[in-house]
Amino acid sequence: MKIATFNINGIKARAEALPAWLDEASPDIVLLQEIKSVDEAFPRELFEDRGYFVETHGQKSFNGVAILSKIPLEDLTRGLPGDDADEQARWIEATVVGKTAVRLCGLYLPNGNPAPGPKYDYKLAWMARMKERAAELLAEEMPVVMAGDYNIIPQSEDAAKPAAWVEDALFLPDSRAAFRRILNLGYTEAFRTREPRPGHYSFWDYQAGAWAKNNGIRIDHLLLSPQAADLLNDAGIDKAVRGGDKPSDHVPVWIELDA
DNA sequence: ATGTCGGGCAGGGCCCGA
């Protein structure tokens with residue numbers, strides 16, 4: 001079972017590049033972020049025509065997450081629990097049953113800039129809520145995959161120019177500590193466990209020639225419960241997608257699970 | 001550290017978010 005996460009930065013703007021990547025990479029499941037679309041406007045037939053079931057949790061203009069799956073999606077829920085007043089569409093969950101049942105969480109973690117400030121407070125509060133949900137899911141003792149744009153650079157090795165990020169919400173100590181608290185519940189970050197070396201990125205800014213200079217950061221992650229980590233066969237980043245026509249500023253990150 | 005995008009609103013540029 002190949003599972004990918006991809007921040008597409010607007011579904012309308014990616015109506016060509018996203019299907020092209022699907023046809024080439026053939027993932028079974030894709031967790032999408034930043035669809036920037038209401039549910040009714042999401043071009044679901046683009047994906048249904050390719051054999052995917054489509055579930056969205058959108059909002060106007062900003063944020064928005066979705067799941068594309070060749071396996072039927074069960075027990076779908078929308079929204080991160082813990083704050084009924086939070087109207088931002090950043091979390092979706094569903095279960096797929098292959099050889100075994102796998103719980104999928106697609107997430108778009110708040111950026112948090114500028115820090116300090118209310119946006120940073122929201123990021124940290126959101127991560128505390130995510131930790132609660134992550135702990136609940138662990139108690140199920142089943143394969144769980146939490147995949148998305150975490151807006152977290154876990155370590156210096158995950159940035160081409162770490163010094164440029166020291167005051168950024170993606171790299172501040174409190175952000176990284178909150179990420180580690182989730183990992184320390186018992187989750188495994190899939191890509192890093194397969195590739196210990198530095199220099200692998202999932203995002204290159206549109207500005208200042210970041211892609212041409214390979215000035216990237218690794219902020220898109222798949223976290224695995226112990227039961228999912230036991231099934232991990234492979235992980236990778238489809239870097240070449242960033243050099244394609246009309247690309248997102250993120251590229252797909254994927255895992256292959258024996259599930 | 002900014003050489004760019006995407007989307008909304010509006011009705012052609014500007015503002016916001018990243």
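Below, read A as the first sequence line, B as the second, and so on, with proteins coming before strands; counting in each chain starts at 1.
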Could you tell me whether Arg78(A) and Glu55(A) make a salt bridge, using a distance below 4.0 angstrom between a side-chain N and a carboxylate O?
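Salt bridge present between Arg78(A) and Glu55(A).
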Whole-Å distance separating the [atom1] atom of [X] from the [atom2] atom of [N]:
X: Asn215(A); N: dA1(B); atom1: CG; atom2: P; answer: 10 Å
X: Trp211(A); N: dA18(B); atom1: CH2; atom2: C1'; answer: 19 Å
X: Gln59(A); N: dA18(B); atom1: CD; atom2: P; answer: 11 Å
X: Lys119(A); N: dA18(B); atom1: NZ; atom2: C1'; answer: 9 Å
X: Lys123(A); N: dG17(B); atom1: NZ; atom2: C1'; answer: 14 Å

So Tyr108(A), base contact, sugar-phosphate only, or nothing? Heavy-atom distance under 4.0 Å.
sugar-phosphate
Heavy-atom protein contacts under 4.0 Å, nucleotides 2-8 of chain B, coded B base, S sugar-phosphate only, - none
BBBSSSS
What about the rings of Trp21(A) and Phe6(A), do their centers lie closer together than 6.0 Å?
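Ring centroids of Trp21(A) and Phe6(A) are less than 6.0 Å from each other.
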According to the interplanar angle, ranging from 0 to 90°, do the rings of Phe179(A) and His221(A) count as parallel (below 30°), tilted (30 to 60°) or perpendicular (above 60°)?
tilted
Is there a side-chain contact between Glu189(A) and Leu183(A) (heavy atoms, below 4.5 Å)?
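The answer is yes; the side chains approach within 4.5 Å.
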Rounding to an integer number of angstrom, what distance separates dG11(B) and dC15(B) when you compare their C1' atoms?
16 Å
For dG17(B) and dT2(B), measure between their C1' atoms and round to the nearest Å.
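The answer is 15 Å between these two C1' atoms.
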Output side-chain donor-acceptor pairs under 3.5 Å for residues 142-153 of chain A, partner residues at least two apart or in another chain, one line each.
from: Asp149(A); atom 1: OD1; to: Asn151(A); atom 2: N; distance (Å): 2.9
from: Asp149(A); atom 1: OD2; to: Asn7(A); atom 2: ND2; distance (Å): 2.9
from: Tyr150(A); atom 1: OH; to: Met146(A); atom 2: O; distance (Å): 2.8
from: Asn151(A); atom 1: ND2; to: Leu109(A); atom 2: O; distance (Å): 2.8

Consider only side-chain N and O atoms of Asn9(A) and Ser248(A), and report whether a donor and an acceptor are under 3.5 Å apart.
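Note: Asn9(A) and Ser248(A) side chains miss the donor-acceptor criterion.
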Please figure out whether Ala164(A) or Asn111(A) has its closest DNA chain B nucleotide nearer the 5' end.
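First, find each residue's nearest nucleotide; the 5'-ward one identifies Ala164(A).
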